[in-house]
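Below is one structure; the comments refer to it alone.
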Amino acid sequence: MKTDILNRLKYSQGKDAEHASIYDWRIALSLVLRDQMVETWFRSTKEAYAASPKRVYYLSMEFLIGRLIEDMISNLGLEDAARAAIEELGQDYDMIVHDEPDAALGNGGLGRLAACFMDSLATLGIPAFGYGIRYEHGLFEQSFAQGQQVEKPETWLTQRHAWEFERPESQYTIGFGGHVDHHEGKAYWHPSEVVMATAYDTPVVGWKGTWGNTLRLWSAEPSKDFDLVSFNRGDYLAAGRSEALARTISRVLYPDDTTESGKELRLKQEYFFTAASLMDLMRRYLQDHDDIRALPDYVAIQLNDTHPAIAGPELVRLLVDDHALAMDDAIELARRCLSYTNHTLLPEALERWSEHLMGRILPRHLEIIRAIEHAHQSEYPDSPRILEHGDVRMGELAFVMAHKVNGVSALHTELVKETVFADLHRIHPTRIINQTNGITPRRWLYGCNPALRNVINDQIGDGWVADLDQLSVLKDKRGDAAFVEAFADAKRTNKVTLSNWIGDTMGVSLDPDAMFDVQIKRIHEYKRQLMNLLETVALWNDMRDNPNADWTPRVKIFGGKAAPGYFVAKDIIRLINDVAGVINADEVTGDMLKIVYPPNYNVTMAERLIPAADLSEQISTAGKEASGTGNMKFALNGALTIGTLDGANVEIREHVGSENFFLFGLTAQEVMERRTHQGFARAAIEASPRLQRVLGQIAEGRFAPQDTSRYHGLVGMLYDHDYFLVTCDFDSYFETQRRADIAYRDPKTWAAMAIANTAGMGWFSSDRTIQGYARDIWNAHSLMNPKLEKSA
Ligand code: F58
């Protein structure tokens with residue numbers, strides 16, 4: 001490996017060892033690893049071509065992959081070899097690994113799920129492609145100025161991305177706008193604007209390097225060389241205009257976590273990657289098959305939310321306009337290929353495009369959407385409309401064009417049936433099914449938590465990495481004092497490492513024996529970071545009232561970004577930072593209570609924080625969090641959850657045991673019921689002296705003495721329209737936190753509860769989730785090892 005690295009340094013980076021920077025070493029090491037991956041990848045690709053199986057195409061606007069280097073090293077089983085080689089070359093291995101920028105091509109859970117799924121598809125040996133966009137700028141970089149979020153463009157691609165291969169030969173022309181002619185029953189779309197989609201492939205190799213799939217991301221490029229005539233005339237701006245327009249399409253990831261701004265560019269991005277992906281999979285299909293009607297036997301297309309929902313009309317367009325199928329046959333054939341995952345019930349996040357915009361950007365697609373609507377209405381006259389009030393409703397379109405629609409946790413799926421798609425569910429009662437989310441144990445335990453991984457391996461070997469149910473054996477080891485101690489030591493080691501990092505980067509010193517209480521996720525009102533903060537202030541008040549009592553020391557850790565246009569979320573960030581400033585400087589509470597909010601939360605930061613957490617905050621208003629996947633990562637790493645009966649919390653609690661989970665708060669039913677009570681928030685505040693005191697302090701500027709009215713709006717909102725019921729759940733949350741304090745004071749009991757969490761989390765492997773999709777939705781199979789297809 002040493003020789004390989006030196007060769008790569010020389011021939012790919014043009015450097016010798018004396019002059020190489022950390023960056024050069026990292027690229028050299030990455031290319032050596034990539035070479036090894038290519039072997040698996042070629043073999044898998046050849047085997048797939050030979051077997052001509054059904055392939056899975058996972059279409060997603062987002063793939064939040066983070067860093068790849070450690071993942072690749074561990075999947076290839078090269079940890080020791082890579083470290084030894086780098087150290088023998090006189091370099092610092094950890095520095096090299098940490099030099100890689102995060103590929104932040106996603107906002108949050110939806111994008112990270114897609115990345116976990118890619119890992120599981122490869123580990124299971126299911127032939128699959130991930131299709132998405134190669135954004136030049138991923139999710140913005142967050143910093144804080146006087147406590148307020150500041151956004152800067154993210155620049156991962158300014159450095160070479162070592163893992164990908166550019167595929168200039170895999171280029172497709174994508175049209176927009178123009179008009180449609182109809183001749184003798186045939187439609188001809190004449191776009192007024194075209195861009196090229198160029199493929200960039202990243203091999204995705206699964207555990208032990210046995211199978212490799214492809215993540216194919218599309219980059220937008222101008223269709224022709226820039227305008228030389230204008231250039232020669234001296235009109236340089238005109239010469240670059242079409243080029244700039246084209247490149248804009250893959251320039252930035254939309255940072256919007258909730259609201260869909262009705263932006264033309266967003267629709268263009270969606271169509272751009274969906275159309276390129278469908279043309280690509282059709283080309284692959286037609287290489288081996290003549291009969292277009294057999295497409296559903298070989299192609300399963302999963303739509304990750306509605307962002308690629310234009311795939312329905314696009315596939316119908318290809319079948320009708322290019323392959324001369326009748327419209328109704330094409331719709332039916334397309335439906336047998338397509339399936340759709342819903343990730344949210346929040347009405348503001350359900351995509352709709354105005355018919356006007358759709359007709360202007362995609363005129364042929366609007367005609368086809370009308371035909372789909374017509375066909376569906378003729379069969380089911382009472383069906384809800386796809387086209388409504390001048391809008392195209394993408395959820396309804398995705399539903400109607402899918403043979404299966406899935407929710408992402410048991411509770412969410414039931415709510416999907418009862419709310420957003422209640423009417424469509426009545427018409428198609430078997431279409432909606434559940435596939436509870438999962439996480440890859442490779443990254444979220446094996447990779448991010450070497451201390452715990454080693455303790456587990458010492459007990460049961462490493463079979464659990466590809467078969468997470470094996471962890472259940474650990475449950476019986478809760479009486480084994482040596483194991484309990486080793487488990488607790490691993491947590492303590494991780495807490496020390498995290499404390500050092502926080503000390504170095506933020507200048508706050510932490511007591512590693514305090515309870516580390518962590519809430520990391522996008523900042524959103526329904527996720528209720530505000531309730532966590534109010535509880536922190538209430539605890540601080542109690543501590544100051546009675547400083548000599550026997551308190552359980554706490555470190556409250558927050559992490560997460562707010563969408564740039566989401567002003568309430570940004571106020572919440574500022575308040576957390578303001579409160580942290582006051583509490584961290586308080587000598588009365590000192591080490592008993594600290595708040596830290598490291599900026600720019602991302603996948604790499606999650607990998608640092610999760611292994612060091614004692615308590616996982618999963619406190620969304622019941623009925624609002626579709627599933628959550630952070631909740632799974634914490635529990636797998638031996639944190640206890642304080643949470644509501646929301647999303648996958650419900651199933652986590654069942655698997656780890658209700659006695660090992662701190663449950664509080666209203667249920668989804670109770671939430672809906674409570675909202676109907678006039679003045680419910682005021683009533684809740686009046687009934688809680690503790691909450692009243694905290695709100696009073698915030699309102700009177702206790703945490704912003706220079707600007708005492710800063711949080712009037714936020715506090716006023718809690719009194720008057722507390723839509724997410726922070727006030728109603730506050731007391732029950734506070735009391736449950738105090739129960740957690742008491743439990744934490746008995747380290748052995750706490751460790752046993754933590755072990756029960758790790759041991760109970762086997763079912764939440766994304767391998768199980770993918771086996772569920774393969775069986776219930778795709779009818780796709782592993783080419784690698786039929787034994788792995790045990791029933792999920
Ligand atoms: C998340 N959605 C859900 N959306 O909120 C979470 O409960 C679930 O676990 C996860 O999906 C995976 O199923 C989510 O992350 C987005 O980020 C969208 C990005 C594009 C705009 C709309 C929100």
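For the numbers below, each heavy atom of this structure counts, side chains included, while hydrogens, waters and symmetry mates do not. One-based numbering, in listed order, for ligands and for the atoms of each.
Using a non-hydrogen distance threshold of 4.0 Å, H307 registers as a contact of ligand 1. At a 4.0 Å cut-off, at least one heavy atom of G628 sits close enough to ligand 1 to count as contact. For N437, the closest heavy-atom approach to ligand 1 falls below 4.0 Å. Within the structure, the closest approach of E351 to ligand 1 does not fall below 4.0 Å when heavy atoms are considered.
Between H161 and Y200, the distance from one ring center to the other does not fall under 6.0 angstrom. With ring centers used as reference points, H524 lies under 6.0 Å from Y566.
Checked against a 3.5 angstrom limit, the closest N/O atoms of K527 and ligand 1 fall outside it. In terms of N/O distances under 3.5 Å, ligand 1 is approached by L110. The shortest N or O to N or O distance between G108 and ligand 1 is not below 3.5 Å.
For the side chain to side chain contact (heavy atoms under 4.5 Å, CB included) test with R443, the passing option among D119, D71, N75 is D71; the others fail.
No more than 12 heavy atoms of other residues, nucleotides or ligands lie within 6.0 Å of NE2 in H389, so this atom counts as exposed by the packing criterion.
Short contacts between ligand 1 and A626, defined as distances under 4.0 Å to a heavy atom of the residue, involve ligand atoms 7 (O). Atoms of ligand 1 found under 4.0 Å from any heavy atom of Y526, numbered from 1 in the order shown, are 5 (O). Near G109, meaning under 4.0 Å from one of its heavy atoms, ligand 1 places the atoms 10 (C), 11 (O), 12 (C), 15 (O).
The proximity of E62 to ligand 1, defined as any non-hydrogen pair under 4.0 Å, is limited to the side chain. Of all the heavy atoms of S627, the ones lying under 4.0 Å from any atom of ligand 1 are found in both the backbone and the side chain.
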* D767 and R442: CA distance, side-chain angles, deciding distance, salt bridge (charged side-chain N to carboxylate O under 4.0 Å, His left out) verdict -> CA-CA 11 Å; D767 300 346; R442 271 72 66 187; 2.7 Å; yes
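When E625, H343, R266 are ranked by how near their heavy atoms come to atom 6 (C) of ligand 1, first place goes to E625.
For the pair K268 and F176, the cation-pi criterion (under 6.0 Å, within 45° of the ring axis) is fulfilled.
Closest heavy-atom contact between A622 and T667: CB-C, 3.6 Å. Of all non-hydrogen atoms in I301 and L315, the two that sit nearest each other are CD1-CD2, 4.2 Å. The shortest heavy-atom contact between A780 and I126 is CB-CG2, 4.3 Å.
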